[in-house]
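Data block below; observations after.
Lettering of chains follows the sequences in order, A, B, ..., and the numbering in each one begins at 1. Values below: all heavy atoms of this structure, side chains included; hydrogens, waters and symmetry mates excluded.
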Amino acid sequence: MPELPDVEIFKQYLESTALNKEIEKVEVPGRELLENVSASAVKKALRGGYFSSARRHGKYLFIQAGKGRWLVLHFGMTGFLKYFKRDDSRPGHPRLLIHFTNGFQLALDNQRKFGKITLSEDPASFIEERELGPDALQVDPAYFRKKFGTSRARLKPALMNQKYLAGIGNVYSDEILFQAGLHPWTTSRDLGERDMKNLLVQTGRVLEQAIESRADPGRMPASFIIPHRHGDGQCPGCGGALRKERIGGRTAFYCPQCQRKK
DNA sequence: AGTACCACCTGACGGC
DNA sequence: TGCCGTCAGGTGGTAC
């Protein structure tokens, strides 16, 4: 479930492996993931060039391959990057393979084909076209207060709405609400000033701590609910049983004891 | 505007 | 052992 922290880790991984290496060949075994672009256009855009930088917005990764030339990746539910040399370390479901002249390859692996691959001349216009909200780590408090202070949506679907904030999905929305002590069913605009402020603070805190933990539940702080998001998980705060419930079409986990309804 | 539901896709898992 | 239904969850569409 790559959400903002996971994609940030992919970005760092890419930056530490695949930048400034000449691209020799490009394969697109997963044409189904291509969006508004042909495989030959992707090959033509990348072959002979090199990746010079990467940017992330929400769950999207933008990789620059020249002036006005960006490779855009979305990881869907199961996507990840792998930089490798030997064929026996090639991941199981490569959908895009970039061969470098140094003998290494970068794979976008995506078991369930919910990811996307496309090209863009400019990340900013891509973000605008998709109507993505600001990155969840770069939110102006006034914007946040306005969006969440007027929305009639429940808190959980509101946090997951990419038009409000970009980057939060099912798992991290649970964590943010848990850290903020807010009930997922609470109507967004019913929040008081204090809770509203706290929600924004916790959003940043949770995402930053998740990145520090390398988006790995095993490394997250003991106070996090994420490692307990399963059948009979217990609240890391009060030890009570977590509740599992369908909210906005997603499976939510929360602590009915620690997360009060407003 | 918000919600509910479906489809996309593949693999894991539980029940029988 | 093996078949079948269900679940996982990001996005995007439709209908209400």
Side-chain angles (χ1 to χ4, degrees), chain A residues 1-11 28-37 56-62 72-82 90-96 107-118 120 126-133 135-136 143 146-178 183-191 207 210 215 217 225-233 242-254 261-262:
Chain A
M1 16 90 244
E3 303 180 29
L4 186 153
D6 310 86
V7 179
E8 179 64 26
I9 298 303
F10 298 157
K11 171 177 176 272
V28 192
R31 311 221 161 189
E32 310 93 306
L33 274 67
L34 293 173
E35 209 179 57
N36 308 322
V37 75
R56 183 192 56 70
H57 186 94
K59 304 173 190 175
Y60 282 90
L61 184 61
F62 300 90
V72 185
L73 302 180
H74 190 287
F75 296 87
M77 281 175 56
T78 54
F80 63 91
L81 295 176
K82 181 152 188 189
R90 167 202 284 246
H93 317 273
R95 309 301 181 194
L96 175 67
L108 166 66
D109 187 283
N110 211 311
Q111 181 198 104
R112 285 172 242 178
K113 303 174 177 174
F114 287 176
K116 290 176 209 156
I117 303 168
T118 190
S120 170
F126 180 91
I127 290 160
E128 200 178 327
E129 280 161 27
R130 301 294 162 119
E131 299 180 69
L132 293 175
D135 184 81
Y143 169 89
K146 189 178 170 206
K147 272 290 176 217
F148 285 77
T150 57
S151 170
R152 304 180 204 207
R154 310 292 181 172
L155 282 180
K156 184 177 170 72
L159 280 173
M160 292 172 61
N161 187 338
Q162 302 301 297
K163 292 183 181 180
Y164 290 2
L165 298 180
I168 300 167
N170 194 33
V171 171
Y172 285 98
S173 59
D174 279 357
E175 188 67 61
I176 290 164
L177 290 171
F178 177 70
H183 198 286
W185 276 108
T186 301
T187 299
S188 184
R189 66 173 185 181
D190 289 350
L191 286 185
L207 297 174
I225 200 182
I226 287 177
H228 309 280
R229 277 183 96 265
H230 54 77
D232 42 22
L242 294 181
R243 186 162 294 168
K244 180 180 171 183
E245 214 168 276
R246 203 97 183 141
I247 304 178
R250 301 262 88 92
T251 306
F253 285 85
Y254 66 97
K261 219 167 195 161
K262 294 288 168 199

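Using a 4.0 Å heavy-atom criterion, one finds that A/Glu32 contacts no nucleic acid atom at all. At a threshold of 4.0 angstrom between heavy atoms, the contacts of A/Arg246 are confined to the sugar-phosphate backbone, with no base atom among them. Heavy atoms of A/Gly249 sit nowhere under 4.0 angstrom from any nucleic acid atom. Across all strands, A/Arg229 comes closer than 4.0 Å only to sugar-phosphate atoms, never to a base (heavy-atom distances). At the heavy-atom level, A/Ser151 lies under 4.0 Å from the strands shown only through sugar-phosphate atoms. Among the atoms of the strands shown, only primed sugar atoms or phosphate atoms (P, OP1, OP2) are found under 4.0 Å from some heavy atom of A/Tyr164. At the heavy-atom level, A/Lys163 lies nowhere under 4.0 Å from the strands shown.
Between the C1' atom of C/dT11 and the CD1 atom of A/Ile127 lies a distance of 17 Å, rounded to the nearest Å. As a whole-Å value, the separation of A/Asn170 CG from C/dA8 P is 9 Å. One atom, CG of A/Asn110, and another, P of C/dA8, lie 19 Å apart when rounded to the nearest Å. Distance A/Phe126 CZ to C/dT11 P: 11 Å, rounded to the nearest Å. Put simply, CE on A/Met160 is 8 Å from P on C/dT11, counting in whole angstrom units. Going from atom NZ of A/Lys244 over to atom P of C/dA8 covers 5 Å, rounded to whole Å. Between the C1' atom of C/dG10 and the CD atom of A/Glu35 lies a distance of 12 Å, rounded to the nearest Å. The distance from atom CG of A/Leu165 to atom P of C/dG10 is 15 Å, rounded to the nearest whole Å.
Electrostatic pairing of A/Asp135 and A/Arg56 counts as a salt bridge here, judged by a charged N lying under 4.0 Å from a carboxylate O. Between A/Asp190 and A/Arg152 there is no salt bridge, since none of the side-chain N atoms of the basic residue sits less than 4.0 Å from a carboxylate O of the acidic one.
No donor-acceptor distance shorter than 3.5 angstrom exists from the side chain of A/Asp174 to the backbone of A/Val171, with no hydrogens or angles considered. Side-chain N or O atoms of A/Glu32 include none that pairs as donor or acceptor with a backbone N or O of A/Lys113 at under 3.5 Å. Looking at A/Arg112, its side chain never comes within 3.5 Å of a backbone N or O of A/Thr78 through a donor-acceptor pair.
When the P atom is compared between C/dG5 and B/dC6, the two are found 16 Å apart, to the nearest whole Å. When the P atom is compared between B/dC9 and C/dG2, the two are found 27 Å apart, to the nearest whole Å. Rounded to a whole angstrom, the distance from the P atom of C/dT6 to that of B/dC5 is 15 Å.
Aromatic stacking is marked for A/Phe114 over B/dC8, as both cut-offs hold: 5.5 Å for the centres and 30° for the planes.
A/Arg154 has a side-chain polar atom (N or O) that falls below the 4.0 Å cut-off from OP1 or OP2 of B/dT3. Within the 4.0 Å cut-off from OP1 or OP2 of C/dT11, at least one side-chain nitrogen or oxygen of A/His74 is found. A sub-4.0 Å separation between OP1 or OP2 of C/dC7 and a side-chain N or O of A/Thr251 is absent.
Listed nucleotides: C/dT11, B/dG11, B/dG2. Nearest to the side chain of A/Lys59: C/dT11. Ranking B/dT3, C/dG10, B/dC9 by closeness to the A/Ala153 side chain, first place goes to B/dT3. When distances are taken from the side chain of A/Lys116 to each of B/dG11, B/dT3, C/dT11, the shortest belongs to C/dT11. In this structure, of C/dT11, B/dT3, B/dG2, it is B/dG2 that holds the atom nearest to the side chain of A/Arg152. Taking the side chain of A/Arg250 as heavy atoms from C-beta on, and the options C/dG12, C/dG10, B/dT3, the nearest nucleotide is C/dG10. Checking C/dG12, C/dA8, B/dT10 against the side-chain heavy atoms of A/Gln111 singles out B/dT10 as nearest.
Between A/Tyr254 and A/His183, the distance from one ring center to the other falls under 6.0 angstrom.
Annotation for A/Glu35 and A/Thr118: closest pair O-OG1, 2.7 Å, computed over non-hydrogen atoms.
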